[in-house]
Participant: 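Pasting a structure below so you can have a look.
In listed order, ligands and their atoms are each counted from 1.
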Amino acid sequence: MSRKGLIDDLVSANHILFKEGVLDGFGHVSVRDERNPERFLLSRSIAPATVTARDVMEFGMDGEPLDARGRKPYLERTLHSEIYRARPDVVAVVHSHSPALIPFGITGTPLKPVFHMSGFLGSATPIFEIRDAGGPATDMLIRDRKLGAALARTLGNAPFALMRGHGSVAVGGSLKQVVYRAIYAEVNARLQSEALRLGTITYLNDAEAANASRTNDSVIDRPWGLWKKRAKEIG
Ligand SMILES: [Zn+2]
């Protein structure tokens, strides 16, 4: 894909994640530069729905911008850089505060796949406890490389992690995959909360989760096209 194509997809991902209720005025999505894996692309610090190609900045693995030109980066950019450093397989990262997931980061009720669309969640979703790395008085944000590295350690090899009292992080092998995961993790959280009120849940078992995840990955272009169309009115 050309660099312009990659930037256009990143702009689309910002708009889609806003439209689908994953990002609001906050949160962000990044993509690794496929020509130089030591670099990644992320918007300057603005609301995702308003991102254009001109807002996209390039960052190094230290989380610092290479071409700032007066543009202000997001405070939590080391969340992205430290995950890219720890996970060579990761091509895209979404960080959000999407609301339905928050209860699962603070109650001890584990987030688990309740339907085939969220099979990627697998059997256990890790939860990042910022007090372990940052002490009892942080502002909850991933403000530096140390906190970013601690979050990446909690994520381990998983596709998704909750951040206690803050939000979540989704990773994927492409922008399409990470957008899919961020959207369906939120949907799963909503459904799981509803189902917990009704009674005992039968979750997908490990084999069902893995097989459903593989099947959905093979048709990932279909929802991407729809989401892009729906987000078009943003620009
Ligand atoms: Zn955040």
Side-chain angles (χ1 to χ4, degrees), residues 10-11 13-32 40-51 55-57 59 61-65 71-87 90 92-107 111 121 125-156 158-172 175 178-190:
L10 182 60
V11 171
N14 273 275
H15 298 177
I16 289 168
L17 289 166
F18 167 73
K19 190 75 179 172
E20 302 303 320
V22 172
L23 303 180
D24 49 18
F26 299 95
H28 18 87
V29 50
S30 69
V31 66
R32 200 193 282 270
F40 68 97
L41 305 173
L42 176 68
S43 168
R44 73 185 170 101
S45 181
I46 55 173
T50 67
V51 169
D55 300 311
V56 174
M57 299 165 74
F59 293 80
M61 287 295 120
D62 56 358
E64 293 310 316
R71 295 171 295 178
K72 187 174 156 236
Y74 288 118
L75 270 176
E76 294 192 282
R77 57 196 180 273
T78 55
L79 171 153
H80 298 263
S81 56
E82 292 300 322
I83 288 174
Y84 288 126
R85 280 163 57 82
R87 290 276 299 270
V90 167
V93 176
V94 172
H95 167 55
S96 93
H97 314 140
S98 61
L101 285 157
I102 301 296
F104 294 92
I106 59 180
T107 57
L111 180 74
L121 288 173
T125 302
I127 301 176
F128 177 63
E129 173 48 80
I130 197 166
R131 289 177 195 160
D132 292 344
T138 66
D139 63 1
M140 307 303 285
L141 302 186
I142 305 296
R143 284 185 163 272
D144 56 33
R145 292 184 63 177
K146 183 178 154 222
L147 290 171
L151 172 64
R153 272 197 300 280
T154 296
L155 177 68
F160 193 84
L162 294 160
M163 300 158 73
R164 195 266 308 159
H166 178 173
S168 59
V169 60
V171 301
L175 270 174
V178 83
V179 164
Y180 174 97
R181 287 174 172 175
I183 289 172
Y184 279 106
E186 173 73 5
V187 173
N188 189 88
R190 211 153 55 221

Participant: Fit a plane to each ring of Phe59 and Phe40, take the angle between them on a 0 to 90° scale, and name the class: parallel (under 30°), tilted (30 to 60°) or perpendicular (over 60°).
Facilitator: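 Aromatic pair Phe59/Phe40 classed parallel.
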
Participant: List for me each residue that meets side chain to side chain contact (heavy atoms under 4.5 Å, CB included) alongside Arg153, sequence neighbours excluded, and say none if there are none.
Facilitator: Ala149, Ala150

Participant: For Ile142, run the side chain to side chain contact (heavy atoms under 4.5 Å, CB included) check against Val169, Ile83, Thr78, Leu75 and tell me which one passes.
Facilitator: Thr78

Participant: Under 2.8 Å from the Zn ion (ligand 1), which protein atoms of type N, O or S occur, listed by chain and number?
Facilitator: Glu76 OE1, His95 NE2, His97 NE2, His166 NE2

Participant: Which pair of heavy atoms, one from Ser43 and one from Val51, lies closest together, and at what distance?
Facilitator: OG-CG2, 3.4 Å

Participant: Taking all atoms of both residues into account, what is the closest heavy-atom pair of Phe128 and Leu147, and its distance?
Facilitator: CZ-O, 4.1 Å

Participant: Classify the ring geometry of His95 against His97: parallel below 30°, tilted from 30° to 60°, perpendicular beyond 60°.
Facilitator: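 It falls in the perpendicular class, over 60°.
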
